[in-house]
Structures are given as C-alpha cells and as structure tokens.
Amino acid sequence: MKTSLPFNTLDAYSKECTNLYAVVQSLFGYPSISENEIESLEGKLYAIAFTYICHDYLEVTIDQYPYDDFNELVNLMNFKSHEQEITKAAKGISQDPEDLETIYTKVWLLKLQYRKQISEDLKLCFRDSKTIGKFFSAIFKMKDSDYMPNLSLEEIGFIDDNF
C-alpha cells in the first residue's frame, strides 16, 4: 500500500495498523489506494473502514482517545473527486434525504457498509473471536515482540459486537 493517510489518524499505532491492513488487503484482494495514481474509491472506502475498526479496537484495548474529525479525513482523502459515484452508492443504502445531503454523511454510510464487509471477511477467514482477537493484537506485537494483551471484557465485547 503506497499511502497510509487514513491510518495516520491512529497516531502511535499508524504504522502497525497500516501494516495490518496490508495483510487484510492481500488476503481479500481489496483494491489499493495511492496518493500518486488515480485513486480507487473502493480502495479508499476499505482503508477508511479498516482504520475505524482499528481505531475502535485501540479505544477499547488501550483507552486511545477518540478521533472525532471525520469530515477532515474525508477532505484529506479527496472523496469529493468521487462525489457522483459516492452519491449513487449511498442512494442504494439509504432513502433518507438527510443522509444524502453532504459528502460526509454519504461517505459515513459507505464506510459502515465496507466495515461490515471487512468484518464478514475476517469472520470467514479466522472463524472465532479468539483468533480475531489474536489477529488484532498483532498491532501491539509489531512494536513490542513480548507484548500480548489480556483479553479484557471490553476487548471480547468489541470482537463479539463487530465480528
């Protein structure tokens, strides 16, 4: 993956989450995103969805502060260049006119849809909550090879709710 832009929102774990996404991207054949090429809308949506999965995982496991500037991320990732495609795809998800008023709500809806797809793909690949938990704990192992988080009730709840 040539860009780690959406993962930069994860601060201290941006590199690790970028690397973990590269594994997911390879496993499931998700399209790439690139700052230097004509960017794939689908690649951007998969990347932003996985970023938010990692974000929520880090919030639960290490109490990382929430990233709350989704609109800025949408701008940085240049989703406006795909506005017609986004509008068409978002109309397939929601019939509520308020959901289709801004590029931000449209991308949010699509992010949720792609997040669901990633969760389903990971469930098919890893099959149980414990294995998915180990997969995400690789975020910490990339920094410290001796680290293995204890599965807290919050982490188990996160995995059960999302996978």
Side-chain angles (χ1 to χ4, degrees), residues 1-10 13-14 16-35 37-61 64-129 131-133 135-136 138-139 154-163:
M1 187 165 57
K2 296 178 183 171
T3 183
S4 60
L5 182 61
F7 299 100
N8 289 341
T9 62
L10 301 172
Y13 291 99
S14 63
E16 293 79 9
C17 291
T18 300
N19 292 338
L20 196 62
Y21 179 68
V23 172
V24 169
Q25 184 184 12
S26 177
L27 280 173
F28 304 115
Y30 297 158
S32 64
I33 58 175
S34 170
E35 293 172 2
E37 301 172 4
I38 295 174
E39 298 174 333
S40 160
L41 172 60
E42 192 173 44
K44 288 180 182 183
L45 289 167
Y46 275 115
I48 201 170
F50 192 77
T51 297
Y52 272 85
I53 291 172
C54 290
H55 170 268
D56 293 349
Y57 176 78
L58 292 170
E59 269 192 295
V60 166
T61 56
Q64 178 169 310
Y65 65 90
Y67 179 78
D68 59 359
D69 202 351
F70 182 76
N71 293 0
E72 179 63 19
L73 184 57
V74 168
N75 293 335
L76 288 171
M77 292 187 68
N78 195 23
F79 277 104
K80 286 193 185 259
S81 67
H82 303 282
E83 190 151 17
Q84 289 179 339
E85 293 171 82
I86 289 169
T87 300
K88 183 178 177 182
K91 282 182 180 177
I93 298 171
S94 175
Q95 302 301 318
D96 185 349
E98 285 187 26
D99 288 344
L100 305 173
E101 285 182 6
T102 69
I103 187 79
Y104 309 111
T105 54
K106 294 173 201 173
V107 172
W108 184 264
L109 287 171
L110 292 170
K111 175 195 69 95
L112 294 175
Q113 181 180 3
Y114 278 74
R115 180 180 176 137
K116 182 179 177 184
Q117 182 62 52
I118 293 169
S119 295
E120 290 171 4
D121 290 344
L122 288 172
K123 271 194 281 191
L124 287 173
C125 185
F126 295 112
R127 303 195 192 262
D128 62 48
S129 297
T131 308
I132 292 171
F135 175 74
F136 278 99
I139 292 169
E154 290 84 8
E155 182 179 8
I156 292 168
F158 167 82
I159 292 167
D160 288 343
D161 290 346
N162 289 282
F163 304 98

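Computed from a predicted model, the values in this text were never measured in an experiment.
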With rounding to the nearest 0.5 angstrom, report the CG to OG1 distance, Leu122 to Thr131. 11.5 Å
For the residue pair Gln117 and Leu45, establish whether any side-chain heavy-atom pair is separated by less than 4.5 Å. no
To the nearest 0.5 Å, atom CG of Asp121 lies from atom CZ of Phe28 at 5.0 Å
Scanning both residues in full, the closest heavy-atom pair of Ser119 with Ile53 reads OG-CD1, 4.3 Å
Using 0.5 Å steps for rounding, measure from the CD atom of Glu72 to the OH atom of Tyr67. 6.0 Å
What heavy-atom pair brings Glu59 and Gln64 nearest, and what distance separates the two atoms? CG-O, 3.1 Å
Over all atoms of both residues, closest heavy-atom pair of Leu100 and Thr105: N-OG1, 4.3 Å
Are the side chains of Lys116 and Leu112 in touch, meaning some heavy atoms are under 4.5 Å apart? no
In terms of heavy-atom contacts, Tyr21 and Gly43 come closest through OH-O, 4.2 Å
Restricting to non-hydrogen atoms, name the atom on Ala90 and the atom on Leu110 that form the minimum distance, rounded to 0.1 Å. N-CD2, 4.2 Å
Leu20 side chain reached by Phe50 side chain, heavy atoms, under 4.5 Å: yes
Rounded distance (nearest 0.5 Å) linking atom OH of Tyr104 with atom CD1 of Ile86: 11.0 Å
Sequence-distant partners of Lys123, side-chain contact (heavy atoms from CB on, under 4.5 Å), two or more places apart: Ile132, Phe163
Just jot down the ring-ring contact (aromatic ring centres under 6.0 Å, His included) partners of Phe70, sequence neighbours excluded, or say none. Tyr52, Trp108
Ignoring hydrogens and geometry, is there a side-chain-to-backbone donor-acceptor pair from Lys44 to Asn78 under 3.5 Å? yes
Measuring only between side-chain heavy atoms, which start at C-beta, is Cys17 closer than 4.5 Å to Thr51? no
Considering all heavy atoms, the nearest Cys54-Phe136 contact: SG-CE2, 4.2 Å
Could you pull out all residues at least two apart from Phe126 that satisfy ring-ring contact (aromatic ring centres under 6.0 Å, His included)? Phe135
Verify, without hydrogens or angle tests, whether Ser14 (side chain) and Asn8 (backbone) share a donor-acceptor contact under 3.5 angstrom. no
Taking it one step at a time, do Tyr30 and Ile118 satisfy side chain to side chain contact (heavy atoms under 4.5 Å, CB included)? CA-CA 10 Å; Tyr30 297 158; Ile118 293 169; 3.7 Å; yes
Any side-chain heavy-atom pair from Asn19 and Val23 closer than 4.5 angstrom? no
So, do Ser40 and Tyr46 sit near enough that their side-chain heavy atoms are less than 4.5 Å apart? no
Donor-acceptor check, side chain of Glu83 to backbone of Phe79, threshold 3.5 angstrom: yes or no? no
Got a second to check how far Gln25's CD is from Leu27's CG, nearest 0.5 Å? 10.5 Å
Is Ser26 reaching over with its side chain to a backbone N or O of Ala22, donor-acceptor style, under 3.5 angstrom? no
Report yes if some heavy atom in the side chain of His55 is under 4.5 Å from a heavy atom in the side chain of Thr9; otherwise report no. no
Atom pair CG/CG of Leu76 and Asn71 - distance to nearest 0.5 Å: 11.0 Å
So Glu16 and Leu58, side chain to side chain contact (heavy atoms under 4.5 Å, CB included) or not? Walk me through it. CA-CA 12 Å; Glu16 293 79 9; Leu58 292 170; over 6 Å; no
